[in-house]
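Here is the structure we will look at, set down as structure tokens.
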Amino acid sequence: MLSKRKGITVSRQIMDDQQMHPDATGELTGLLNDLVVAGKIISAEVNMAGLADILGQSGRTNIQGEDVQKLDVFANQTIKRRMEQCGHVCVMASEEDDDIIPVLDGYEGNYTIAFDPLDGSSNIDVNVSIGTIFSIHRRVSASGQGDEGDLLQKGSRQVAAGYIIYGSSTVMVYTTGNGVHGFTLDPSVGEFFLSHPDIKIPETSLYYSVNEAYAHHWFDSTRNYIEYLKTGGGDRKPYSLRYIGSLVADFHRNLVKGGVFLYTRDKTSDEKSEGKLRLLYEAAPLAMIVEQAGGRAITDDGRNILEIEPRGLHQRVPLIIGSKGDVDLAEKFLRGEMG
Ligand code: AHM
Ligand code: MG
């Protein structure tokens, strides 16, 4: 039925999702709709990236009437401002902030949001796709301002997760646990329209995404797995490497075309002893999306990402995510069943 409809807006889809939950109060719908607004504001700013230098910093103000800021700071502030007064959130966490972020007094709601405001930010200055990733849980505390405990919930308890990718076009992908849908922003009318209904990630692929420069630091299981993928053999085709260095962009390509992304532990560096990516802002939300699309997400010691109990807001986690057949194969190498 989904595919027969035409011109479906993201707001329409969010309301349809709500109707699948008879007890729903509309709070999650309201929250997601406010996130859509934040995404549009950030998208407009991203599209102006670089022009500030040409037009002159003082000559240009942004939508809030302020001087132009760095994009990652702008994205962070935009989401915080929308969420703190939307009335549906009790506490927030951002990859860019050390501590939990309160909401405005009197506006406390029943949900929490954790977000990476602009993932892949090292790519901002070079016109490579970047994106906002978000993860939403129902609060566990009773009322008032939320606390860290509300945010430190495992990924399997997420009620919604998604991302907005600012690329050749702006695309929002989200799930509320009833499949994954993608929407493309039509900038001429400022509306997201359904472009990728009920996304299913291909079962296996011919692409792997990893920073291969770290190969000499990898554990043998990772090295053997990648070697196996890229060398092919028998009637198996060799895989190709696709690595953008912007997780949200690498993930989106793999979700649509099939592929496996890895950021595993690093043998030599303490700093990367748990990989680089963050559980709350990156791994858990993308894991919910990939599972809803028929894929898998695990750590490099075979744990399901969605079952990890977070110990801290900025906890890092090794991540292997993508097409189910490719992740299953990685697991065999991790277990020593292949290699
Ligand atoms: P960021 O949140 O500071 O942008 O860092 C996360 C990014 C991911 O988007 C990307 O997958 C990874 O860092 C790339 O790291 P590396 O340069 O080590 O390959
Ligand atoms: Mg990031």
Side-chain angles (χ1 to χ4, degrees), residues 38-39 42 45-46 49 70-80 92-98 113-135 151 155 161-167 171 173 207-219 222-223 226 241-255 259-290 297-300 305 310 312-322 327 330:
I42 298 166
E45 195 72 7
V46 168
K70 285 189 68 182
L71 269 179
D72 45 1
V73 176
F74 176 85
N76 196 30
Q77 275 189 9
T78 299
I79 298 171
K80 286 196 280 189
M92 300 179 262
S94 163
E95 198 191 288
E96 297 291 332
D97 287 78
D98 290 341
I113 181 164
F115 56 92
D116 181 350
L118 213 51
D119 176 62
S121 42
S122 62
N123 284 318
I124 289 173
D125 294 338
V126 288
N127 290 65
V128 169
S129 301
I130 46 184
T132 300
I133 310 174
F134 59 89
S135 161
L151 288 156
Y163 58 84
I164 302 157
I165 183 166
Y166 314 106
V171 173
V173 171
Y207 298 103
Y208 69 97
S209 313
V210 70
N211 189 335
E212 207 151 1
Y214 304 143
H216 57 293
H217 295 321
W218 289 344
F219 289 100
T222 307
R223 211 194 337 260
I226 296 299
L241 169 66
R242 295 281 186 275
Y243 191 70
I244 296 169
S246 180
L247 172 65
V248 70
D250 278 311
F251 177 84
H252 183 67
R253 186 204 50 245
N254 290 347
L255 183 70
V260 58
F261 174 97
L262 296 89
Y263 209 119
T264 53
R265 280 176 287 187
D266 191 317
K267 204 158 51 172
T268 55
S269 162
D270 286 347
E271 202 187 316
K272 296 234 184 92
S273 60
E274 289 297 323
K276 177 183 182 187
L277 302 172
R278 314 287 179 148
L279 176 59
L280 291 191
Y281 318 110
E282 294 165 328
L286 298 186
M288 181 179 184
I289 293 168
V290 88
I298 61 173
T299 61
D300 61 6
I305 292 287
L313 292 178
H314 296 286
Q315 181 176 339
R316 296 176 195 268
V317 72
L319 178 65
I320 303 175
I321 187 167
V327 179

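Because the structure is predicted, anything quoted here is derived from the model rather than measured. Read the numbers this way: they start at 1 and go in the same order the structure lists the ligands and their atoms.
Of the listed residues (Val248, Leu247, Val46), just one forms a side-chain contact (heavy atoms from CB on, under 4.5 Å) with Ile130, and that residue is Val46. Each of Tyr163, Tyr281, Tyr166 was checked for a side chain to side chain donor-acceptor pair (under 3.5 Å) with Thr132, and the lone residue meeting it is Tyr166.
Under a 4.0 angstrom heavy-atom cut-off, Tyr214 registers as being in contact with ligand 1. The shell of residues lying under 4.0 angstrom from ligand 1, judged by heavy atoms, includes Ser121.
For ligand 1, the atoms lying closer than 4.0 Å to a non-hydrogen atom of Phe261 are 11 (O). Listed by number with element, the atoms of ligand 1 under 4.0 Å from a non-hydrogen atom of Tyr263 are 15 (O), 16 (P), 18 (O), 19 (O). Of all atoms in ligand 1, listed by their number and element, those nearer than 4.0 Å to a heavy atom of Gly245 are 9 (O), 10 (C), 14 (C). Residue contact check: Glu282 has heavy atoms under 4.0 Å from atoms 2 (O), 6 (C) of ligand 1.
Ligand 1 has an N or O atom lying under 3.5 Å from an N or O atom of Asp119, backbone or side chain. Backbone and side-chain nitrogen or oxygen atoms of Ser246 are examined, and none is located within less than 3.5 angstrom of a nitrogen or oxygen of ligand 1. Residue contacts with ligand 1: Gly120 is placed with a nitrogen or oxygen under 3.5 Å of a nitrogen or oxygen of the ligand (distance criterion only).
Heavy atoms of Tyr281 found under 4.0 angstrom from ligand 1: none, in either backbone or side chain. Residue contacts with ligand 1, taken as heavy atom pairs separated by less than 4.0 Å, do not involve Arg278 at all.
A side-chain donor-acceptor contact under 3.5 Å links Asn254 and Ser209.
Across all their heavy atoms, Leu280 and Pro310 have their closest contact at CD2-CG, 3.8 Å. Nearest heavy-atom pair across His314 and Asp98 is NE2-O, 3.3 Å. Closest of all the heavy-atom pairs between Val210 and Leu262 is CG2-O, 3.5 Å. Looking at every heavy atom in both residues, Pro318 comes nearest to Arg265 through CG-CG, 3.8 Å.
Side-chain contact check for Ile305 versus Leu279: some heavy-atom pair is nearer than 4.5 Å. Ile321 has its side chain within reach of Phe251: a pair of non-hydrogen atoms, C-beta onward, lies under 4.5 Å apart.
Within a 6.0 Å sphere centred on CG of Asn211, other residues, nucleotides and ligands contribute more than 12 heavy atoms.
Residues that satisfy the side chain to side chain contact (heavy atoms under 4.5 Å, CB included) test with Ala249, not counting sequence neighbours, are Ser129, Ile165, Ile244, Ser246.
Checking Ile124, Leu262, Leu247, Asp116 against atom 8 (C) of ligand 1, the nearest heavy atom belongs to Leu247.
Protein N/O/S atoms closer than 2.8 Å to the Mg ion (ligand 2): Asp116 OD2, Asp119 OD1, Glu282 OE2.
Ring geometry for His217 versus Tyr214: interplanar angle under 30°, hence parallel rather than tilted (30 to 60°).
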